Protein chains: 2
Amino acid sequence: MKKDIQPNLSREKIVNEAISLVNERGMPALSMRMLGARLSVEGMALYYHFPNKQALIEAMLDRVHAEISIPEADIAWQDFVRQRSASVIEVLRHHPWAATLMESGVRPGEYTMQDRERLLGVFRRAGFSVSNAVHAITIVDVFTYGFVAQLVNLSFSTKEDAAVVGQDVIAMFAPDKYPYMREMVSEHMLKRGYDVMDEFVFGLELIITGLERFEGESNNKIETH
Amino acid sequence: MKKDIQPNLSREKIVNEAISLVNERGMPALSMRMLGARLSVEGMALYYHFPNKQALIEAMLDRVHAEISIPEADIAWQDFVRQRSASVIEVLRHHPWAATLMESGVRPGEYTMQDRERLLGVFRRAGFSVSNAVHAITIVDVFTYGFVAQLVNLSFSTKEDAAVVGQDVIAMFAPDKYPYMREMVSEHMLKRGYDVMDEFVFGLELIITGLERFEGESNNKIETH
DNA sequence: ACCTGAACACCGTTCAAGT
DNA sequence: ACCTGAACACCGTTCAAGT
């Protein structure tokens, strides 16, 4: 009667449901038993598909990485960087739990490697030396992932909330001790038109401009097709 | 006979022992019972001094922050930034577990606030506008904390290890698919004299140079004593 | 005031057993 | 091949009780 000829679990289904779970209820809510329940299965069944919880999390992260849209490789490296960073931010805003984990480099999966390979190639073909290409991808990635890591962990998301939190924080710690912080909140964060993303754009453009100095210094060893 | 007139626990003692514990055995090893045992006390005793584990962790983080040595406020902002970042890296290398947590902004403690206030002041007194000062501390902090967050989570620490891991990673994923990664490892990371810290210095100097463009644009509203 | 003991509702993981 | 059930060694937290 109940002769399921097909298994009702698969790595893909498990990863999907796990991502839904943490998106809805946060990383601490991810337990094997809870996840099993949402898949109508005992938690222990998951151990048939993944050796342990860590492996499951790594699979979740690589799947998130797959969502990052990598730009065409033949556009200007400046635009490549801009588009890729925008996509990283976009994706990680929808998967806040993944931000710190991706940054702190649990070991790279397929998509992670592809992404880095492409970015590295873009710089090399733009004439960056090997060393400078490494410097470049490092600074771009540290800034981009570092920014989201801080961003998604802010307790507020709207601008109004930001102002309120700012006020609270300052009030909490004897306002007179922090005149510059107070000035920052009132003159910058409270100003209408303020957007946290402006901070990101400023930083990324500063970095891009700085990197332009090293463009075309060559020692390019790999053929640029 | 055993009439301890003094309590043998205090917030300070607890935080100290907690930090020793995680430095030795990592964040996952931190449990209230385990920590209690190391203090010759039942784990439940800790709840008299801290409302919950989260509060304990926040206290640990603020204590780590206190170790960061903040430079004299009257030196050039460039040197202030260099010295402060170097100290952040130094401290967080000794407390790797703290890197991701500090970055992901559990809410700021006393030392955290003092640190930010000082840095903000340095930029304002150097003639940065309020907006640009905020941009400046953001990019500097994102890069500095982001860098350690990635650094401390690398599974290797010596240069030799780095090379080995690099080779492994590439071998793992069909080498032919990643020619640029291969080039990076062999031409850059395997080269003698290579130091991960070079990546940091390159990035920080690029940022400092970029920021010099905004120095002295003024609208300085707070008296510079 | 400061700590203990027992209890509650959970965890991740292993492993024999079921189908 | 794929999943279940019971068991082990843990968690964080609450709360009455001890001194």
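In what follows, every chain begins at residue 1, and chains take the letters A, B, ... in the order their sequences are listed. What you see is a predicted model; the values in this text were computed from it and never measured.
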Where the side chain of [X] is concerned, which of [options] is the nearest nucleotide?
X     : options               : value
A/N52 : C/dT13, C/dC3, D/dC3  : C/dT13
A/M44 : C/dC3, D/dA7, D/dC3   : D/dA7
A/L9  : C/dT4, D/dC3, C/dT13  : D/dC3
B/R33 : D/dT13, C/dC3, D/dC3  : D/dT13
A/Y47 : D/dG12, C/dT4, C/dT14 : C/dT14
A/M32 : C/dG12, C/dA7, C/dC3  : C/dG12

How many whole angstroms separate atom [atom1] of [X] from atom [atom2] of [N]?
X     : N      : atom1 : atom2 : answer
A/L35 : C/dG12 : CG    : P     : 10 Å
A/L46 : C/dT14 : CG    : P     : 13 Å
B/K53 : C/dC10 : NZ    : C1'   : 14 Å
B/Y48 : D/dC15 : OH    : P     : 17 Å
A/M34 : C/dC11 : CE    : P     : 8 Å
A/K13 : D/dC2  : NZ    : P     : 12 Å
B/F50 : C/dC3  : CZ    : P     : 12 Å
A/L39 : D/dT4  : CG    : P     : 11 Å

Item to check | Comparing A/S40 and B/S31 on DNA chain D - which has the more 5′ nearest nucleotide | outcome: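 Comparing both residues, the 5'-ward one is A/S40.
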Just checking, any donor-acceptor pair under 3.5 angstrom between side chains of [X] and [Y]?
X      : Y      : value
B/H188 : B/E183 : no
A/H65  : A/Q114 : no
B/H94  : B/N23  : no

Next on the checklist: Regarding A/L30, tell me which of base, sugar-phosphate or nothing describes its non-hydrogen contacts under 4.0 Å with the strands shown.
Outcome noted: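 Result for A/L30 = sugar-phosphate.
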State whether [X] and [Y] are salt-bridged, where the test is any N-O pair (Lys NZ or Arg NE/NH1/NH2 against Asp/Glu carboxylate O) under 4.0 Å.
X      : Y      : result
A/R182 : A/D176 : no
A/R38  : A/E24  : yes
A/K53  : A/E58  : no

Watson-Crick or G-U counterpart of [N], or none if no pair lies under 3.5 Å:
N      : answer
C/dA17 : none
C/dC8  : D/dG12
D/dC3  : none

Next on the checklist: So, OP1 or OP2 of C/dC3: does either fall under 4.0 Å of a side-chain N or O from B/N8?
Outcome noted: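 Answer yes for this pair, as a side-chain N or O of B/N8 is under 4.0 Å from OP1 or OP2.
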Next on the checklist: Check the phosphate of C/dC3 against B/H49, side-chain N and O only, distance under 4.0 Å to OP1 or OP2. Yes or no?
Outcome noted: yes
